[in-house]
There are 2 protein chains.
Amino acid sequence: MRLTEKGIAAALKHHGYKLTPQRRVVIGAITASPDHLTPADIYRKVHKEHPNIGLTTIYRTLEILASLELICELHAGGSGRSYTIGAPEHHHHIICSSCGAVVDFSSYDISPLEAKLSRETGFEIEGHLLEFTGRCRRCRQNA
Amino acid sequence: MRLTEKGIAAALKHHGYKLTPQRRVVIGAITASPDHLTPADIYRKVHKEHPNIGLTTIYRTLEILASLELICELHAGGSGRSYTIGAPEHHHHIICSSCGAVVDFSSYDISPLEAKLSRETGFEIEGHLLEFTGRCRRCRQNA
DNA sequence: TCTCTAAATGAAAATGATTATCATTTATAT
DNA sequence: ATATAAATGATAATCATTTTCATTTAGAGA
Ligand SMILES: [Mn+2]
Ligand SMILES: [Mn+2]
Ligand SMILES: [Zn+2]
Ligand SMILES: [Zn+2]
């Protein structure tokens, strides 16, 4: 049930955002790639065909798409966000420290832990970040 | 079994690092505070007594201490690292989105999940990041 | 204690990602 | 077709971190 380019565009309009050529281009780039892309990645991918699009606009478009949960935002370790076409179910990531590949996993429900923490610490939990780093099979074999 | 100022200094020397006044000052600041401090926090704390210490040196010292696992490095969500005197046991963090307070918790063992993921994805897991965000009791009451 | 040298320091500039500004353009409701 | 609020993009600003490099210094050895 992967979101399509059209579907994302429709959702944008539905939420009152204008459907500009620049936004179409960003949506196109992100639906076309299975990878997690940084704003700069998208800028590069798109710049040949559409030299008139600004990096700022890419940031802004990604921010909107993420806020509508149409794409999935990833804060890998230190610096740099990246985005990928949103899988509707909540999931987490494993990131290869060698090649940067990102693998999703969803086979884990964190809510019991949340409830326990909330009880023990008095926090009202709003969100969480669960990420693993490691070396993917391929990188391990090449070494 | 909290590390002492002397203990950290000794460990530094043991690993071949010189024990400079600047490093003593950074170690002193970090052992004196129960909080997670950013490099800039430490710079401010220290600057009255030691106006001659550079922020660069604080960054460098913290990097060394973290690499020796004498202090604990925290990448909170988006931008900005912070450090605290290293608790020897592995633990995770809950961060208040309103006031920035950080609370540790260690009542959770993530290794079964690691083993499962390793089996399912072929990754050799090297590390992980588990962080919760929420609103602490105090901030919740003030609102 | 004196000397020597690799290691450490810090001022300053560079970097890199992200955000703010603001004059100009444009998507769309009417 | 028009009006207008929203969107764009060039540019500059931020902010954390890193690099550079000339100068200082901790600590090993004479
Ligand atoms: Mn994902
Ligand atoms: Mn901690
Ligand atoms: Zn890999
Ligand atoms: Zn709080």
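Values in this document were obtained by computation on a predicted structure and should not be read as measured data. Below, read A as the first sequence line, B as the second, and so on, with proteins coming before strands; counting in each chain starts at 1. Only heavy atoms go into these numbers, but all of them, side chains included; no hydrogens, no water, no symmetry mates.
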Whether B:His47 and B:Tyr43 hold their rings parallel, tilted or perpendicular, with breakpoints at 30° and 60°: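 Tilted: the ring planes of B:His47 and B:Tyr43 meet at 30° to 60°.
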
Parallel, tilted or perpendicular: ring planes of A:His128 versus A:His92, cut at 30 and 60 degrees: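 Tilted: the ring planes of A:His128 and A:His92 meet at 30° to 60°.
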
Options [options], nucleotide nearest the side-chain atoms of [X]:
{"X": "A:Pro21", "options": "C:dA27, C:dT21, D:dT17", "answer": "C:dA27"}
{"X": "B:Thr20", "options": "D:dG27, D:dT8, D:dA26", "answer": "D:dA26"}
{"X": "A:Arg81", "options": "D:dA7, C:dT28, C:dT19", "answer": "C:dT19"}
{"X": "B:Lys18", "options": "D:dG9, D:dT25, C:dT28", "answer": "D:dT25"}
{"X": "A:Tyr59", "options": "C:dA12, C:dT19, C:dA8", "answer": "C:dT19"}
{"X": "B:Thr56", "options": "D:dT18, D:dA26, D:dG27", "answer": "D:dT18"}
{"X": "B:Tyr17", "options": "D:dA7, C:dA8, C:dA12", "answer": "C:dA8"}

Heavy-atom neighbours of B:Glu120 CD exceed 12 at 6.0 Å: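 Yes, CD of B:Glu120 has more than 12 neighbouring heavy atoms, counting only those of other groups under 6.0 Å.
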
Distance test, side-chain N/O of B:Gln22 to OP1/OP2 of C:dA8, below 4.0 Å: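 Checking C:dA8 against B:Gln22, no side-chain N or O comes under 4.0 Å of OP1 or OP2.
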
B:Arg23 vs D:dA26: side-chain N/O to OP1/OP2 distance below 4.0 Å: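 No.
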
Could you state the [atom1]-[atom2] distance from [X] to [N], rounded to the nearest angstrom?
{"X": "B:Leu55", "N": "D:dA16", "atom1": "CG", "atom2": "P", "result": "10 Å"}
{"X": "B:Arg24", "N": "D:dA26", "atom1": "CZ", "atom2": "P", "result": "10 Å"}
{"X": "A:Asp41", "N": "C:dA17", "atom1": "CG", "atom2": "P", "result": "10 Å"}
{"X": "B:Ile53", "N": "C:dA11", "atom1": "CD1", "atom2": "P", "result": "11 Å"}
{"X": "B:His14", "N": "D:dG27", "atom1": "NE2", "atom2": "P", "result": "15 Å"}
{"X": "A:His47", "N": "D:dA10", "atom1": "NE2", "atom2": "P", "result": "8 Å"}
{"X": "A:Tyr43", "N": "C:dA17", "atom1": "OH", "atom2": "C1'", "result": "15 Å"}
{"X": "A:Ile64", "N": "D:dA7", "atom1": "CD1", "atom2": "P", "result": "6 Å"}

Any A:Leu130 side-chain heavy atom under 4.5 Å of A:Phe105 side chain: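 Yes, side chains in contact.
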
Chi angles and distances behind the side chain to side chain contact (heavy atoms under 4.5 Å, CB included) call for B:Ile95, B:Glu131: CA-CA 8 Å; B:Ile95 302 155; B:Glu131 261 176 36; 3.5 Å; yes

B:Asn52 vs A:Glu63, nearer the 5' end of DNA chain C by closest nucleotide: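 Mapping each residue to its closest nucleotide by heavy atoms, the 5'-most match is B:Asn52.
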
